[in-house]
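To keep things clear, I will list the structure first and then write my remarks on it.
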Amino acid sequence: MLKRVRKSALRRVAAAAMTGALLATAVAATSGPVQAAGQNIIVNGGFEDGLSGWFVNNGNSTDGATLSPTTDAYAGSSAVLVTNRKTTGSGPMQDLSGKVQAGKTYAITARVKYENPSSPATKQFFATMHYGGSTYTNVGTVTVARGQWGLIQGTFTIPAGQSVTTARLFVETPWTSDPASAPNTHLMDFKVDDVSVSEFTPSTTIEALGKNPGEGNPLISHKFGADGNAFVHDGRVYIYMTNDTQEYKPGPTGVSSTNTYASINTITVISSDDLMNWVDHGEIPVAGPSGVARYAGNSWAPAMERKVVDGKEKFFLYFANSGGSSGVIVGDSPVGPWRDERGSLLITSATPGASDGKNWLFDPGVFVDDDGQSYLVFGGGGDDGTRSAENTNHPKSTRVIRLGDDMISTKGSAEVIDAPLVFEAGHLFKRDGKYYYSYSSNFGFGGTVDPNGPPTGAIAYLMADSPMGPWTPETYKGIIFKNPGTYFGAGGNNHQSVFQLDGQYYFTYHAQTLNSRITGGATQGFRSPHLAKLDFNADGTIKEVRGDYKGVEQIRALDPYRVIEAETIAWQQGIATKKVDGGSEEFGAQAPNLVVHDVDNGDWTSLAKVDFGTAGATGVTAKVRPLAAGGKIEVRLDGRTSPVVATIPVDAPLGEWTKLSATLDGVKGVHDVYFTYAGPEGADLFEIDSWAFAAEQSSPEVKLTVTASSRCIGASAYLAVTAVNDGDAPATITLTTPYGTRTVADVAPGKQAYQSFNTRTAQIAAGKVTVTGAATIGGKQVTTSYDAAYNAAACR
Ligand SMILES: [Ca+2]
Ligand SMILES: [Ca+2]
Ligand SMILES: [Ca+2]
C-alpha cells in the first residue's frame, strides 16, 4: 500500500478539528450571511445535477467506491451517497486543476452525514486536497454525530511552491492502514452535499447579527470597543474605548486569533443623546508612528474630561501606554481635532509616589471636582511574587494624584489607594458630596482571596469624603458589578465608568457579547460596550448592577428633520464604517465624518424611535456614492422585513457622491426606521454618508386660546367668552354664542377679545361657543375656528 505524506503537521489537523466543531455551532447559531467570499469554484457542489463533475477518489489504485444520487439532501433535492468504500480515502472527488493557484487562500465548506447504526456515535470527516503524487493536505474537517448533517469547514493557503497541475479535492474519513479490519468504523457509507471552495479575501466586516432589534446591548455591533469611558457634554454622552477591532483578524467565519492588545494604538469614539442610536465617530490615532503621541506605543483604557484652561475650553483624553505608563492628548472638542501639548508621557516611574517597582502605571481615570481641582487615579497589578494573601488582597498598586491646572501635569505626590483585591480599571466620580473610587478586583496572585472583600474580576468600590481619600480598606463598600462571565458566559477582564444624563446615573461595562455572537459561543478576547442604569441607596451606597442584553431605555425620540449621519445606528447587519475626508455635516467641520460601506445585497441599518410628528414626512434623502449599477435603498418601518414605504433607486454616476431622494406618504408618529439594501449579488453596492427626512408643511392656522364660562350676576346668567391671540399676526376674532355675537378687529398678538353675554334668563344649560380667528399669515388670509364648552348656570 502506498503510504501518504500528510503535508499538514498533526498538531495543525487537531487544531483545525477543534475549530471546526466550534464553527459548526457558529453557523447554526447565526442566521446572517457568512463572510463575503469569491465565487464557488466547485461545479455542481449541491449535486442538483446528479453526479456531474464528480468521480470517486482515484489517488491510489486501491481506492474505490460507488457514488449514487440520493434524495436525502442537506439542501435542494439531491446529494451524493458513497457506498462500497475500499479505503478511508474513498469518497467523492472533483478535479480543481487550473482553478486553484499556489499562494492563494481558499475557504471550503461541505455538508456530510453518515447513518450506519453499527458505526461509532461520532466520526471525523476531512476535506482533502490531493496535489498529485503523494501530496495530500487536509483542508477542512468536522466531527459529526451519527445521523446528523455536519459542516466541514476550513481555510487553507496553497503553499507558494506547490504544483497545482493536478489539484483535486475529495471527502474522506481519517486514514488507517487496515480499514477492512473494522469496516463499520472506517468504511461506513456517507452522504455529501453543498460543497463549496472559494477564494478567501480577509475582511474585518462583522457579518453576524450582533445586536438584536429592540435591545440596547451591546451598544454597537459593527465593531468592538473595550474599557468604555463615558463623558457627557451638551446633553450627549461620548464613549471612548480601547479599539479591540485593531486586533481582529477574522477567518472566513469571523473567528479571529486571540486579542493580545499589542497592536492597539487608536481609541474608538461613539456618542448618543438617546442611548439607543449611536454615532460612530471613528478612531483617534493616539499612539504609534502615526499617532498624536508618537512617543507612546499603545492606547488602552481611555478617560476623558473637559476644562476651561486660560479661557479656552479643552478636552483631555488620557490613555494607558501598555502597562508601564499613561499619557494625555488634548482636543478642541470631544471628537477633536487632537494635539500633543505635553510632548511626553504624563505618568511614569519618575512621577512622585507613582511606582513601587512592581505596580503597573496604566488605566488612568480622570475627575474634575466642582472647585476646578482635577485628579487622576491610575495603576494596577502589583504581583510581588510571594503568592501571599497580603499581596493578593492588598497589593496597594493603584494611586491618586492631583493634576495641574493645565490638566497635562501632576501636582505633588501620588498617594496609595488600598482597595481590597484591587487589580486595575480605577475610576473616580462624585455624587451628593461623596467621592467614589471604583475598580476591577484581581483574579489572584496566588494568595487566598479574603472573603470579606470583593469576588474576583468584579467591579468594586470605595466611598470617601475627599478625592484623595484617604482610600483605606475601611472605605470599601462592596461591589457594583460581578464579572461579565456571570451574565454572558464569556468572562475576561472587567472595566467600568459612571455618568449622569438627564438626571439618571448610568454604568458602562464591557463584555465579549459580539465576539460570542460571531462565533456562536467561543470568545477570543474581543470586548463590546454595554450600558446599565445605576441606582443608589439612601445612604449613597450603590445597588448592584446586573448585566443583560436589554440595556437601558431610549431616553428621547430621534428628530428626523435634519441631517443624520448614516453612521448613526441602532441595529444593523453586514455593514462597516470608514472615515472619509472632510468634516461632519451634523457635528461640524472639526468633527470626523464616517460613511457606511461594505453594503451588500441584504445588509441593513436602522434608527430607533424616530418621531415623524403628527404632520408626518414627505420624503427621505440619502447622500450616497454608488459603486455598482442596480442598487437601491428600501425604507421600512418597525422591522427589517416590514412593507417598504419608500425606495431610493441608487441610480447615479458610479464613484461620485450624490443626494438621492424618494417620497414618503403618511409616515407619522414614532417608528423604528430600517434601511434595507438591495442590488446585484456579490457586488459592493454603494456607500452612505447621511440621511435627511423632509417634513410635511403643516397648514398655517390662527392660534387662539379660547375659554367660556357661565356665571350669575344677581338673578341673571351671563356667559363670558375670552379668546387670546397666541399667534404672531394681528387677528380679527369673532365670538359666537346662542346669546349674541361679538367681533373684535385687529387683536394684537398676546392680546385678547372678551365679551360677557347677558343671556337675559336665570337658567341656562351647558353648551359651547364658537370662536373664529382671521389673520394674514405668510401672505395668505387664514381663518381658524375653535369650540369651547361652558357650564350650566341656575341663578336666583
Ligand atoms: Ca443538494
Ligand atoms: Ca456587507
Ligand atoms: Ca457621515
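Counting starts at 1 for both ligands and their atoms, following the listed order. Positions are given from 1, in the same order as the sequence printed here.
- Among the atoms of Asp194, no N, O or S atom is found under 3.0 Å from the Ca ion (ligand 1).
- The six-membered or imidazole ring of His281 lies near that of Phe587, with a centre-to-centre distance under 6.0 Å.
- Inclusion of Asp598 in the first shell of the Ca ion (ligand 2) is supported: an N, O or S atom falls under 3.0 Å.
- For the Ca ion (ligand 1), the N/O/S atoms of Ser77 include none lying under 3.0 Å.
- Asp600 contributes atom OD2 as its closest N/O/S atom to the Ca ion (ligand 2).
- At the Ca ion (ligand 3), the angle from OD1 in Asp689 to OE1 in Glu567 is 150° when rounded to 10°.
- Nearest N/O/S atom of Glu565 with respect to the Ca ion (ligand 3) is recorded as OE1.
- Side-chain contact, Thr605 with Tyr677: a donor N or O sits under 3.5 Å from an acceptor N or O.
- Seen from the Ca ion (ligand 1), atom O of Gly46 and atom OD2 of Asp193 lie 120° apart in angle, a value rounded to 10°.
- Not one N/O/S atom of Gly76, from backbone or side chain, sits under 3.0 Å from the Ca ion (ligand 1).
- Within the 3.0 Å limit, Ala75 places at least one N, O or S atom next to the Ca ion (ligand 1).
- Ring geometry for Phe224 against Phe526 counts as tilted: the plane angle lies between 30° and 60°, on a 0 to 90° scale.
- Cation-pi check for Arg640 over Phe675 is not met; the charged atom does not lie both under 6.0 angstrom from the ring centroid and within 45 degrees of its normal.
- Of the angles at the Ca ion (ligand 1), the one spanning OE2 of Glu48 and O of Ser78 is 80° when given to 10°.
- Taking 3.0 Å as the threshold, Asp603 counts as a candidate ligand of the Ca ion (ligand 2), since one of its N, O or S atoms lies below it.
- In this structure, Tyr114 and Phe125 have tilted ring planes: the angle between them lies in the 30° to 60° band.
- The Ca ion (ligand 2) has no N, O or S atom of Ile575 closer than 3.0 Å.
- Between Glu687 and the options Lys623, Lys579, Arg625, a salt bridge (Lys or Arg N to Asp or Glu O under 4.0 Å) holds for only Arg625.
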